[in-house]
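Naming convention: chains lettered A, B, ... in sequence-line order (proteins, then strands); numbering from 1 in each chain. These numbers come from the heavy atoms of this one structure, side chains and all, not from hydrogens, waters or symmetry mates.
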Amino acid sequence: MREVVAVSERVQETPSTVTLRFAYPDEARPGQFVMLWIPGDDEIPMSLSYVGRSKGVTVKVMGSTSRHIQSLAPGAQIGVRGPYGNAFDLAPRRVLVVAGGSGAAVLAPAAEAAARVGSEVTAALGATTGSELLFEARFRQMGARVELATDDGSIGARGFVTGVSDSLLASTIFDAVWTCGPEVMMDKVIRSARRAGVPAYGSVERVMKCALGMCDACALGPYHVCVDGPVFPGDALTPLPEFGRFKREPSGRVVPH
Amino acid sequence: MREVVAVSERVQETPSTVTLRFAYPDEARPGQFVMLWIPGDDEIPMSLSYVGRSKGVTVKVMGSTSRHIQSLAPGAQIGVRGPYGNAFDLAPRRVLVVAGGSGAAVLAPAAEAAARVGSEVTAALGATTGSELLFEARFRQMGARVELATDDGSIGARGFVTGVSDSLLASTIFDAVWTCGPEVMMDKVIRSARRAGVPAYGSVERVMKCALGMCDACALGPYHVCVDGPVFPGDALTPLPEFGRFKREPSGRVVPH
Amino acid sequence: MADLKVDLAGLRLRNPLLLASGIWGESGESLAGAWEAGAGGVITKSIGRSARLGYPNPTVESLGRWGFLNAMGLPNPGIEEYPKEIAAAQARGATVIGSVFGGDADEYAELAYRMAGTGVGAIELNLSCPHAEGLGSDLGEDPQEVEAITRAVRARVSVPVIVKITPNTADPVALAQAAERGGASAISAINTLRAISIDVRLRRPTLSHGLGGLSGPAIKPVGLACVWQIYPKVSIPVVGVGGIRTAEDVLQYVMAGARAVEVGTAVALDGIQIFSKLSQDLLALMGELGIERIADVVGAAHIRPAVNGVPLAAASHERRP
Amino acid sequence: MADLKVDLAGLRLRNPLLLASGIWGESGESLAGAWEAGAGGVITKSIGRSARLGYPNPTVESLGRWGFLNAMGLPNPGIEEYPKEIAAAQARGATVIGSVFGGDADEYAELAYRMAGTGVGAIELNLSCPHAEGLGSDLGEDPQEVEAITRAVRARVSVPVIVKITPNTADPVALAQAAERGGASAISAINTLRAISIDVRLRRPTLSHGLGGLSGPAIKPVGLACVWQIYPKVSIPVVGVGGIRTAEDVLQYVMAGARAVEVGTAVALDGIQIFSKLSQDLLALMGELGIERIADVVGAAHIRPAVNGVPLAAASHERRP
Ligand SMILES: Cc1cc2nc3c(=O)[nH]c(=O)nc-3n(C[C@H](O)[C@H](O)[C@H](O)COP(=O)(O)OP(=O)(O)OC[C@H]3O[C@@H](n4cnc5c(N)ncnc54)[C@H](O)[C@@H]3O)c2cc1C
Ligand SMILES: Cc1cc2nc3c(=O)[nH]c(=O)nc-3n(C[C@H](O)[C@H](O)[C@H](O)COP(=O)(O)OP(=O)(O)OC[C@H]3O[C@@H](n4cnc5c(N)ncnc54)[C@H](O)[C@@H]3O)c2cc1C
Ligand SMILES: Cc1cc2nc3c(=O)[nH]c(=O)nc-3n(C[C@H](O)[C@H](O)[C@H](O)COP(=O)(O)O)c2cc1C
Ligand SMILES: Cc1cc2nc3c(=O)[nH]c(=O)nc-3n(C[C@H](O)[C@H](O)[C@H](O)COP(=O)(O)O)c2cc1C
Ligand code: FES
Ligand code: FES
């Protein structure tokens, strides 16, 4: 059930990304998300980028609500319900994290938790440009090996992060790959991991309304992202005709992704 | 919430009194009552005369529903909800039990439980005639000293049971008196006990509908018999102008007792 | 220190928490007990012309923490007998509101007149009992009847007249407006929801009357919606009823538009201490939220405030098609 | 071995447990999933003429185990797009019932006609959405509209037409009888109850639309009462909906008069396994109670049986005034 909480801290992570912190009592695991309500505006799904007692979401501007969220100052009241969905399995000894854009928001707490229980973390982070690289310092702080890629080459390798992750997969042995980002990117990462014989897990996004497995807004093949996901094994995602190609708009109509 | 259970045993205790046994899971303490529903007929309050897992009620014919209950054979389905109300405090070392008519129904399990934890039980049982004496054997079996009185003198002392209890109170030291029966009788018992310096407790009856402390049908002075009773300290009962004199009919109208 | 006093259509209440009709309402001593336990006013059982036994038991079915089903069948001692109960409660200082039910406008008017004669602070017209054929709700579902009954009562009594409406309707606003046209001083909403429970082993309803009324926490969102709908459409005060068990429930009703509330089922769930508990908790909650007087936030949820400094007109959902 | 098959107005169902409209109903794969999880039939999301986004979030408010408030706002991809979803479900063998909503009789008829063209086994007319102005319930509260809409639909389609009625009415029987006069093959009851939830800290409703509909266990006694009232007053079958979560709930609805039931909120509370669980539990319960076929006990609670051998006429409560 929903709690109304006050924003305790606002951190501008990159020019387009802001983290809001707030106290929210329910326990959460990395990978899970909350429904975040801006009273008077929309309620949207947001992965938890911090899962301790002081929770956090890291929001990229996409449209009016995410812009509204970014404008919130400490003290602003927001509605939070959840956490919902499943989490990353924190077992792998050597994990490769592949993040595109705000995908690092959900992967950072998972990697942190894995590192805390002894996993070796390698992070491939991608962004359009250097200033948009999210949580680079946070990954370094947890002791991860960090490789960067930017579309404009301003920092790290020029081009997509899949280039970086492909060469990591070719050169290093991993027990799992975790990825979050645009679906075409995740699709590539999952396929490369499969070729390297490494199980991959991707966190996917679909329109969320109830977040309770009822309204069907988040239908993805036979799954409901809100309860069966958002984290899926790559082998479940790649066979889906819609993965990387189609999504449903809020009306339920299928549209290109 | 109500359970539908089957009558497991029917015992004709006296010509006018029948015990029905049935399995009912909820824990109960001696003094408490249940609401007993005869499907298609009324639902009426009945003290538990047996409070173990196999519970029991001991019913005297008063009108059509009690007659209907008495006609039930093993296997018959009845609705039971409860137990409701408070219970006798089982602490007294030496307890005098004064039962008029079916009053023994609720006093027997209380005396049994007290005897089991080491109380000395004395029982003064009264009835119109010898064959109507209820639970005499049961009191003897628990090791109680038993004194009898009948209106017609067919067994024990002739006259009201209050004669017997008065002389017991005069001759013996008790730590408590428990009584159940007609209110004029209980009123006398309570007053005698007070004179003897012994705290008395009486189990009283009023019309019950909800048994939940809501509908006010069982109002007795400032009390609701269903939740504040049915067991009251004598000192709470005797000051009430209605005790022994008035009751409310199902409409709520005050009528002579 | 926050203040719980409210003025309900001229009736001054020390707090907005009224004992709902039909709960602890048959005996004057019970009414007095509820008053002394902290109720801001006590509403009597609904009283009719002559004594009614009500339906045979079972008259109540418990749904645990969710509430109850009941079909009491309007038991009451009749208007001849009842004034002495009111007198007993008044002698102890209670603010009493007299509830009446009848079969037509004349009967309501006559009963209200006699009820007013006892010196009650207000009259509540039960136009909403969901399980008594030809009485209460059967009339209360029809706006024309509601208006006619209210008008007939209004003509006979000078104390405030509260019309209690049914949620078993397509349009609670129409009923409330009809009552207002008829001269009602206030609306109370809601009575119980038409409901039933069936035992599958016995293959029959568990209440002797079959149909009954659902009360308690389960119906709170429905009562709240009725108050929400009615409040902006009438200019008389609204009294909220249905499922109130916590101070937050009270404040939800107040913000939906209620100037006072009635508490029924919670008395069975929590005991009569519910009144002092609600008062205390309400004061604490008001303190926490910076609310000084109940009256200050009546209907507050209807004013769409700027949230977090962002005026709502700019928010996305007011723009979407 | 007890048998769960039922015939609903000519539509053969392998069991009486239908997926309620609006739950898992936007995608053909979800419908197929519910079918494969054991539903006896699946009802689509209510479909309109063209794509509707629905209301902005929050569209749902959880009340825990009691159920939900929702005001989805009838999101749907429109009747142009939707047939491919139905085809996907049918390709997996599902018995599909197509739900439609509209703004007037012509629109309902047109939509039903196009829906029937997809080969659905039956049509359900959503005349009962409590939170969409000018659609659904606004029409469905008026018996004349219900009759006219049903008649218009009946004239265009030959499959069974189920009319889903609202509980937000004084008289569910009048609505059901209107549907029957209009040519309905069956009645389904109920849709959600008009309800709201308010946050006292934010001083505003928590659903973006304000008013919403209450579903889930909290409303079971109300849905059951509607079925109980309607069953003896129509000669077409009734489908029970509202708060069903256990086999006992199902049997209560059946004994109140339902030939089949719909399950909505329980899918969110218990997962889609609810269908196989209900089937198994229902078979076990029927075995325990000596019931061979669902059809044998439809409406059984209306027949006052002799209890414990004592014929009811002799029982006291039938004699009391
Ligand atoms: C499980 C999950 C976790 C997410 N985690 C994050 C995160 O950590 N950080 C982050 O920046 N973003 C996250 N998102 C995406 C975020 O929810 C959308 O960016 C946001 O809803 C956009 O809203 P808007 O009003 O700003 O944009 P709009 O202009 O309304 O829409 C832009 C796009 O956002 C998507 N969107 C809109 N409404 C919803 C909705 N109700 N549910 C899902 N998608 C919607 C649609 O694809 C739409 O085309 C997550 C989404 C999901 C499903
Ligand atoms: C707490 C309590 C415990 C009781 N325990 C026993 C018991 O152990 N054994 C026993 O034989 N009797 C007991 N009674 C009394 C029993 O409930 C009544 O005798 C019974 O209700 C009579 O019903 P009837 O239909 O046979 O008689 P009716 O002809 O209906 O009425 C006869 C009298 O019974 C009383 N009565 C009727 N209906 C009710 C009702 N709903 N609630 C209370 N009293 C009613 C009235 O005083 C009435 O005048 C108890 C009553 C109470 C309140
Ligand atoms: C046992 C019982 C008896 C009731 N009797 C009456 C009555 O006589 N008159 C009336 O107007 N309402 C009566 N009601 C309705 C309540 O006053 C109230 O409107 C309803 O129960 C909803 O409030 P609650 O959820 O707080 O109980 C009765 C309710 C119950 C539970
Ligand atoms: C999220 C949600 C969406 C719904 N959408 C529809 C709908 O589109 N059409 C319809 O007729 N009923 C709709 N309903 C009502 C359900 O079909 C059902 O009548 C109601 O929820 C009561 O059943 P339940 O308690 O089993 O959920 C919806 C209910 C919910 C909870
Ligand atoms: S968001 Fe409603 S089913 Fe997933
Ligand atoms: S029987 Fe209803 S209050 Fe006691």
Fill in: Verdict with reasoning, C/L193 to D/L193, per side-chain contact (heavy atoms from CB on, under 4.5 Å)
CA-CA 10 Å; C/L193 282 167; D/L193 282 167; 4.3 Å; yes
Worksheet entry | Step-by-step side-chain contact (heavy atoms from CB on, under 4.5 Å) determination, C/Y253 to D/I198 | CA-CA 8 Å; C/Y253 267 101; D/I198 286 174; over 6 Å; no
Discussion item. Between C/H302 and D/R204, is the side-chain contact (heavy atoms from CB on, under 4.5 Å) condition met? List the steps.
Written reply: CA-CA 7 Å; C/H302 289 268; D/R204 59 187 308 128; over 6 Å; no
Item to complete: Walk me through it: do C/R194 and D/Q229 pass the test side-chain contact (heavy atoms from CB on, under 4.5 Å)?
Response: CA-CA 10 Å; C/R194 203 187 295 112; D/Q229 289 186 281; 3.2 Å; yes
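Ranked by heavy-atom pairs shorter than 4.5 Å toward chain D, the options C/A218, C/S197, C/A256, C/G290 are led by C/A218. The candidate from D/P217, D/P172, D/G223 with the greatest count of non-hydrogen atom pairs under 4.5 Å with chain C is D/P217.
Heavy-atom distances place the side chain of D/V297, and not its backbone, under 4.5 Å from chain C. Neither the backbone nor the side chain of D/E61 comes within contact range of chain C; no heavy atom of the residue lies under 4.5 Å from a heavy atom of that chain. With a 4.5 Å cut-off on non-hydrogen atoms, D/L251 touches chain C through its backbone and its side chain both.
For the atom pair D/R201 CZ and C/L285 CG, the distance stands at 6.0 Å (nearest 0.5 Å). Of the inter-residue distances, the one linking D/D199 atom CG with C/Q252 atom CD reads 8.0 Å to the nearest 0.5 angstrom. Rounded to the nearest 0.5 angstrom, C/K220 NZ and D/L63 CG are separated by 8.0 Å.
Residues D/P205 and C/W228 share a closest heavy-atom pair of CG-CH2, 3.3 Å. Closest non-hydrogen pair, C/P221 versus D/L69, comes out as CB-CD2, 4.3 Å. Here the shortest heavy-atom pairing between D/A225 and C/L211 reads CB-CD2, 3.7 Å.
Counting heavy atoms from C-beta on, the side chains of D/T169 and C/N168 never come closer than 4.5 Å. Side-chain contact check for C/V200 versus D/L289: some heavy-atom pair is nearer than 4.5 Å.
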